[in-house]
Amino acid sequence: MNHEKLSKRLERVAIHIQKGSILADIGSDHAYLPCYAVNNGLCDHAIAGEVVEGPYQSARRQVAITGLEGKIEVRKGDGLEVLNPDEATCITICGMGGTLISSILESGKGKLGKAERLILQPNVGAANVRSWLIDNGWELSGEEVLEEDGKIYEILIAEKGDPLRPYRANMQTGLMFGPYLMAQFSDTFIKKWQLEKKHLERIIEQLDESGRSGLETKRNELKSQVSVIEEVLRG
């Protein structure tokens, strides 16, 4: 992967960047995504934010190598603190857990005034991100699920609007599975939840084998989750 050829995951993220936007890529690592976005005319300017010294220096080198110093600014800082208020119109946060992504958004809410779109790619815990979006007035406008190198990823796209609109059918199920992903019912979606079902069943089996007392509540919670997954997979 480099600034000319992204991973499949980041390619799908890049597709959702609005033309003419000012992009902020938070946790940018090598700054491949902003370099690719600027080079391909997906955004006019970009900010690559990175809190760790090593990736920050890598991002600086990458931007210099591509000759994009005039269009991409690499900044060191934690989450959205690298931004000025009302600066970025499109924000990408990729490759982190959903809890961390939600925390970054919560801590940096004051920097989102001019943001028109959030493109979020949680490795796990997408339900936490969906909950944050609802609580903060962001409407989920699209979702993708994809597999790459044996791992399954979800991409969430959100814009300001009616945060409850996508969840009219069932709020709790929508939060867990993703309202758009449930509607698409792709092979990758099915595989993801078949794997999760097997994982939960293994945990239940281990609880049963442990013979420990006081685990009935946990066991029932897991069995309930398995039942919900089975119901969704029946379509």
Side-chain angles (χ1 to χ4, degrees), residues 1-98 100-105 107-108 110-124 126 129 142 144-159:
M1 182 175 71
N2 54 45
H3 68 282
E4 295 177 343
K5 178 61 178 176
L6 297 178
S7 65
K8 179 181 175 181
R9 171 179 63 94
L10 289 182
E11 274 188 349
R12 296 308 305 173
V13 169
I15 280 172
H16 299 286
I17 298 170
Q18 322 99 295
K19 287 192 180 296
S21 63
I22 299 172
L23 172 67
D25 185 37
I26 304 302
S28 195
D29 201 12
H30 290 76
Y32 290 149
L33 179 59
C35 289
Y36 177 90
V38 170
N39 265 339
N40 288 276
L42 303 178
C43 65
D44 290 341
H45 298 277
I47 298 146
E50 183 55 65
V51 69
V52 180
E53 180 66 19
Y56 166 72
Q57 294 297 341
S58 295
R60 291 186 62 192
R61 285 193 296 271
Q62 184 63 40
V63 171
I65 288 168
T66 53
L68 294 173
E69 296 99 320
K71 290 201 168 185
I72 301 175
E73 188 175 348
V74 182
R75 301 177 186 172
K76 187 178 180 184
D78 190 7
L80 297 176
E81 74 176 20
V82 300
L83 300 179
N84 298 315
D86 299 330
E87 186 173 25
T89 60
C90 179
I91 295 172
T92 53
I93 310 177
C94 305
M96 307 177 196
L100 179 55
I101 290 175
S102 301
S103 175
I104 288 170
L105 291 169
S107 299
K111 306 295 181 69
L112 298 177
K114 201 174 179 181
E116 299 169 358
R117 179 172 292 181
L118 306 177
I119 309 170
L120 311 169
Q121 185 268 296
N123 289 345
V124 295
V129 178
E144 291 193 27
V145 61
L146 62 100
E147 183 173 6
E148 183 175 35
D149 298 331
K151 296 181 180 179
I152 296 177
Y153 302 100
E154 294 182 21
I155 299 169
L156 314 182
I157 305 98
E159 300 173 353

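The figures that follow rest on heavy atoms only: side chains count, while hydrogens, waters and symmetry mates do not. Keep in mind the model is a prediction, meaning the values are calculated, not measured.
Scanning all heavy atoms of the two residues, the minimum distance from Arg9 to Cys94 falls at NH1-CB, 3.9 Å. For the residue pair Ser7 and Glu148, the shortest heavy atom distance occurs at CB-OE2, 3.4 Å. In this structure, Ser21 and Cys43 approach most closely via the heavy-atom pair O-CB, 3.3 Å. Residues Gly49 and Val82 share a closest heavy-atom pair of CA-CG2, 4.1 Å. Between Gly108 and Leu80, the shortest heavy-atom contact is O-CD1, 3.5 Å. What you find for Asn123 and Gly95 is that their closest heavy atoms are ND2-O, 3.2 Å.
Take Glu81 and apply the side chain to side chain donor-acceptor pair (under 3.5 Å) test, not counting sequence neighbours, and it matches no residue. Take Asp149 and apply the side-chain contact (heavy atoms from CB on, under 4.5 Å) test, not counting sequence neighbours, and it matches no residue. With sequence neighbours left out, the side chain to side chain donor-acceptor pair (under 3.5 Å) criterion links Glu159 to Arg117. Residues satisfying the ring-ring contact (aromatic ring centres under 6.0 Å, His included) criterion with His45, sequence neighbours excluded, are absent altogether. With sequence neighbours left out, Leu68 forms a side-chain contact (heavy atoms from CB on, under 4.5 Å) with Cys35, Val38, Asn39, Val63, Thr66, Ile72. For Glu73, the side-chain contact (heavy atoms from CB on, under 4.5 Å) partners at least two apart in sequence or on another chain are Arg75.
For the pair Thr89 (side chain) and Glu116 (backbone), a donor-acceptor distance under 3.5 Å is absent. In this structure, Lys8 contributes its side chain and Glu147 its backbone to a donor-acceptor pair below 3.5 Å.
Taken from CD1 in Ile91 to CD1 in Ile119, the straight-line distance is 10.0 Å, to the nearest 0.5 Å. Taken to the nearest 0.5 Å, the CG atom of Leu120 stands 10.0 Å off from the CD1 atom of Ile104. For the atom pair CD1 (Ile47) and CD1 (Ile22), the distance works out to 7.0 Å, reported to the nearest 0.5 Å. To the nearest 0.5 Å, atoms CG (Leu10) and OH (Tyr153) are separated by 9.5 Å. The CD1 atom of Ile26 lies 9.0 Å from the NZ atom of Lys111; values are rounded to the nearest 0.5 Å. Atom NE2 of His16 and atom CG of Leu156 lie 10.0 Å apart (nearest 0.5 Å).
Within the structure, salt bridge (Lys or Arg N to Asp or Glu O under 4.0 Å) contacts touching residues 11-34 (residues at least two apart or in different chains) are Lys5-Glu11, Arg12-Glu144. Within the structure, the salt bridge (Lys or Arg N to Asp or Glu O under 4.0 Å) test picks out the following pairs touching residues 36-63 (sequence neighbours left out): Glu53-Lys76.
Test Val129, Ile157, Leu105 against Leu118 for side chain to side chain contact (heavy atoms under 4.5 Å, CB included) and you get one pass: Leu105.
Side-chain atoms of His30 and Pro55, non-hydrogen and from C-beta on, never get closer than 4.5 Å to each other. Between Tyr36 and Leu42 the shortest side-chain heavy-atom distance falls below 4.5 Å.
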Discussion item. Could you go through Thr92 and Leu23, starting from their C-alpha distance and side-chain angles, then the distance that decides it, and tell me whether this counts as side-chain contact (heavy atoms from CB on, under 4.5 Å)?
Written reply: CA-CA 8 Å; Thr92 53; Leu23 172 67; 3.8 Å; yes
